[in-house]
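Shown next, in structure tokens, is the structure this report addresses.
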Amino acid sequence: AQTVTQSQPEMSVQEAETVTLSCTYDTSESDYYLFWYKQPPSRQMILVIRQEAYKQQNATENRFSVNFQKAAKSFSLKISDSQLGDAAMYFCAYRSGYSGGSNYKLTFGKGTLLTVNP
Amino acid sequence: ETGVTQTPRHLVMGMTNKKSLKCEQHLGHNAMYWYKQSAKKPLELMFVYNFKEQTENNSVPSRFSPECPNSSHLFLHLHTLQPEDSALYLCASSKGTSGGAGNEQFFGPGTRLTVL
């Protein structure tokens, strides 16, 4: 079974600074997807960024980028030029890339609560 | 907004009450999910429906009863709950349930349930 670990229960960053949230995972599969979800205080879980394991290039979405280290099974999220609206709980998640059975299931980490200080 | 709505947003109920949570998706998806989110724990998948058919029941107690009348609507019927059932209940939808690309899950805002 796959596991996802977020070792930082809480992080804080100054507005306009850069912060990196850590995520490690364990899997025996070679084809999979990794996600970062953001859950602000309004509670709507929003997909921030997605990485496909067979792509070597790190995914980027505006101020959000990932550092995907497949061999190390590490998938960190970097937020540049942090804004007050970035304050939220961030969840790392894993999903198999294979079809069939229960491979569609998302495995989530426990989350990292990010505080942005003005 | 993700295209997934949930009502009510907050619910307080006694252990002997019967209530229902509603989820609706406007994305044309075929799969819908119920998750339970408790403090300091990863999201727990409860039920999955694909094309209105239940495909997953993750050992959920029978006091939780899901219903999926069509691909756009999902209900969670609650009865004789326990205080430990207090949590945020999230609904999600996706195009399908294969493990491949394009089946990302989109979440609703959740219902904060408190059982007294």
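Keep in mind that the numbers below use all heavy atoms, side chains included, and drop hydrogens, waters and symmetry copies. So that the names make sense, note that chain A is the first sequence line, chain B the second, and so on, each numbered from 1.
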Is it the case that one hydrophobic cluster holds both [X] and [Y], taking links as side-chain heavy atoms less than 4.5 Å apart, direct or via other members?
| X | Y | value |
| --- | --- | --- |
| A:Y37 | A:L21 | no |
| A:F75 | A:V48 | yes |
| B:M32 | B:Y35 | no |
| B:F107 | B:W34 | no |
| B:V115 | B:Y89 | yes |

Self-check item: chain A contact residues among residues 42-69 of chain B, heavy-atom distance under 4.5 Å
Solution: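 So far as heavy atoms go, B:P42, B:L43, B:L45, B:V48, B:T55, B:E56 are the residues that approach chain A to under 4.5 Å.
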Quiz prompt | Distance in Å, A:Q39 CD paired with B:L88 CG, rounded so as to fall on 0.5 Å steps | solution =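 Answer for the CD-CG pair, A:Q39 versus B:L88, is 6.0 Å.
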Exercise. Report yes if the side chains of A:F35 and B:E104 come closer than 4.5 Å at any heavy-atom pair, otherwise no.
Key: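 Contact flag for A:F35/B:E104 side chains = yes.
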Quiz item: So do the side chains of B:F106 and A:M45 get within less than 4.5 Å of each other, counting heavy atoms only?
Solution: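 No, side chains not in contact.
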So with a 6.0 Å cut-off around [atom1] of [X], is the heavy-atom count from everything else above 12?
| X | atom1 | value |
| --- | --- | --- |
| A:K73 | NZ | yes |
| B:Q82 | CD | yes |
| B:E84 | CD | yes |
| B:N70 | CG | yes |

Exercise. Taking heavy atoms only and a threshold strictly under 4.5 Å, list by residue number the residues of residues 105-118 of chain A that touch chain B; give 'none' if the list is empty.
Key: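 Residues of residues 105-118 of chain A touching chain B at under 4.5 Å: A:K105, A:L106, A:F108, A:G109, A:K110.
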Exercise. May I ask you to decide if B:N103's main-chain N or O and A:R95's side chain share a donor-acceptor pair within less than 3.5 Å?
Key: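 Side chain of A:R95 to backbone of B:N103, a donor-acceptor pair under 3.5 Å: yes, one is there.
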Quiz item: When only pairs under 4.5 Å are counted, which of B:Q105, B:R112, B:K41 shares the most heavy-atom pairs with chain A?
Solution: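 Most heavy-atom pairs within the cutoff with chain A belong to B:Q105.
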